[in-house]
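Note sheet for the following structure.
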Amino acid sequence: THFLSHSLQAKMSRPVQARRLEGIDKNIWVEFVKLAATYSKVNLGQGFPDFPPPDFLTEALTRALGGGNHMLHQYTRAFGHPPLVKVLAQFFEKLLGRDLDPMTNVMVTVGAYQALFCCFQALVDEGDEVIIIEPFFDCYEPMVKMAGGTPVFVPLRPNPPKDGKLMSSADWQLDPAELASKFSERTKAIVLNSPNNPLGKVFSHGELGLIAELCVKHDVLCISDEVYEWLVYDGKQHTRIASLPGMWDRTVIIGSAGKTFSATGWKVGWAVGPDRLLQHLRTVHQNSVYHCATIAQEAVAQGFQRELMLYGKPESYFVQLPKELQQKRDWLVQSLDGVGMKPIIPEGTYFLVADISPFKSDVPDVPNSDEPYDSRFAKWMVKNKGLAAIPLSAFYSEAHKNNYTNFIRFCFAKEEATLKAASDILQKWKQEKNSS
Ligand code: PMP
């Protein structure tokens with residue numbers, strides 16, 4: 001037995017993880033979600049609403065559960081429940097002004113997350129470069145790397161606001177020459193996220209035109225993450241890059257019922273695009289996840305049918321939700337500005353980035369630390385003040401993490417009482433600072 005246990009031990013010294021996992025084992029959400037769960041009294045960290053989804057959606061789910069169709073408890077079509085892909089095709093025909101085939105131009109996924117995963121696995125080869133605009137939703141980088149690709153980063157650069165005004169997410173812009181310099185024959189794709197998490201930037205028609213021109217010129221694909229497509233404020237318009245000349249054939253549009261209907265836990269997402277791209281996403285999907293929850297797809301399909309009927313009308317949820325969120329945004333902007341935590345006014349999404357510089361004296365810097373200042377600040381804040389937010393550096397590549405360390409991101413898709421509680425914490429904090 002001694003010999004046996006020895007040889008078993010020896011066998012276990014071999015590395016177990018696949019090489020493609022090297023360097024991508026850390027994930028900021030795991031860490032910050034845990035910190036928020038342990039310490040936060042008010043959680044404006046992770047992006048999800050603390051208010052309920054609309055009644056018509058939960059009622060649709062109840063109907064699906066209690067109705068006579070027990071087949072809704074079984075597998076449905078692998079690439080998307082037929083009623084859902086049909087209504088998504090109808091909806092996107094309207095938005096894009098082109099005919100769509102529900103069976104080949106739409107695929108349902110487990111949230112936008114899986115749609116992204118399918119894109120990178122299906123379209124990116126070893127050695128391919130993928131351009132990512134910083135700051136970015138953090139999963140793009142590890143997903144590119146897992147596919148064997150190389151992420152190439154290009155930053156949005158902040159332009160100082162005009163005399164004393166608050167900064168807007170529109171003040172963060174790409175340098176056209178810098179962007180162009182990132183495209184080469186190795187570039188396979190660019191990831192676009194408009195409206196952008198974390199800044200809330202809504203890329204203008206002109207900015208998208210520039211990206212589109214470069215994609216066409218260099219025969220580059222566009223993975224267009226549009227999960228916040230309905231969350232656009234101040235009368236701004238969300239432009240779909242797939243509708244620009246030459247772009248439909250090279251773009252995958254990604255969306256999320258979680259964000260669209262305030263039901264992130266349902267994890268229903270989709271990819272919309274030309275069959276020449278989607279056929280390869282289907283290959284990844286059929287060899288990994290294969291089916292998504294039927295009953296959630298049925299309810300989301302009914303939600304979209306309602307929205308299709310009410311399209312553009314004041315009763316439409318896609319009209320009402322941004323109205324409500326714009327008020328919440330304005331409220332949080334005011335309360336942050338009031339305590340001197342200068343907010344960058346977002347044009348879209350339910351996130352807001354704020355400048356923590358005036359609070360720096362409370363959380364002294366540790367020179368030469370590997371951890372960016374904003375990350376230490378956010379950890380200190382949740383532990384000592386009970387308020388959870390996410391450091392902006394989490395949305396930058398390793399090499400650029402230390403370029404922007406004075407900002408944290410708040411999510412304002414929250415009940416009034418939650419936002420009020422956050423504001424109270426900040427007020428009290430400011431008073432303590434003033435009196436000390
Ligand atoms: N893309 C972006 C930009 C996001 O912010 C999120 C969610 N935070 C996702 C994709 C993932 O969406 P889902 O929950 O539908 O998987």
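What you see is a predicted model, and the numbers here were worked out from it, not measured in a lab. Each ligand, and each atom within it, is numbered from 1 in the order the structure gives.
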task = Look at atom 9 (C) of ligand 1 and say which protein heavy atom is nearest, naming residue and atom and giving the distance to 0.1 Å.
result = F137 CE2, 3.4 Å

ask   = Should the ring pair Y75 and H291 be called parallel, tilted or perpendicular, given that the plane angle runs from 0 to 90° and is split at 30 and 60?
value = parallel

message = Just checking Y373 against W380, ring centres under 6.0 Å apart?
response = no

ask   = Less than 6.0 Å separating the ring centroids of W429 and F359?
value = yes

request  = Anything under 30° is parallel, anything over 60° is perpendicular, the rest tilted; go ahead and classify F153 against H400.
outcome  = perpendicular

remark   = Numbered in order shown, the ligand 1 atoms found under 4.0 Å of a heavy atom of S256 are 13 (P), 15 (O)

task = Let me know which of F412, F137, Y228, F48 forms a ring-ring contact (aromatic ring centres under 6.0 Å, His included) with F351.
result = Y228

ask   = Contact between F48 and ligand 1, counting heavy atoms under 4.0 Å?
value = no

key: Contact (N/O only, under 3.5 Å) between K259 and ligand 1   = yes

query = Which residue supplies the protein heavy atom nearest to atom 5 (O) of ligand 1, what is that atom called, and how far is it?
reply = Y228 OH, 2.6 Å

message = Counting only heavy atoms from other residues, nucleotides and ligands, does the tally under 6.0 Å from NZ of K360 exceed 12?
response = yes

inquiry  = Under a 4.0 angstrom heavy-atom cut-off, which atoms of ligand 1 come close to N193?
reply    = 3 (C)

message = Using a 6.0 Å cut-off, check whether atom CD of E371 has over 12 heavy atoms from anything other than its own residue.
response = yes

inquiry  = With a cutoff of 4.0 Å, is T264 in contact with ligand 1, counting heavy atoms of the residue only?
reply    = no

Ligand 1 versus K267: contacting region, heavy-atom distance under 4.0 Å = side chain

query = Tell me, which protein residue and heavy-atom name are nearest atom 13 (P) of ligand 1, and how many Å apart are they?
reply = A112 N, 3.4 Å

ask   = Under 4.0 Å from ligand 1, counting heavy atoms only, is it the side chain of Y113, its backbone, both or neither?
value = both

key: Protein heavy atom at shortest distance from atom 1 (N) of ligand 1   = D225 OD2, 2.6 Å

query = Are side-chain N/O atoms of S194 and N196 paired as donor and acceptor at under 3.5 Å?
reply = no

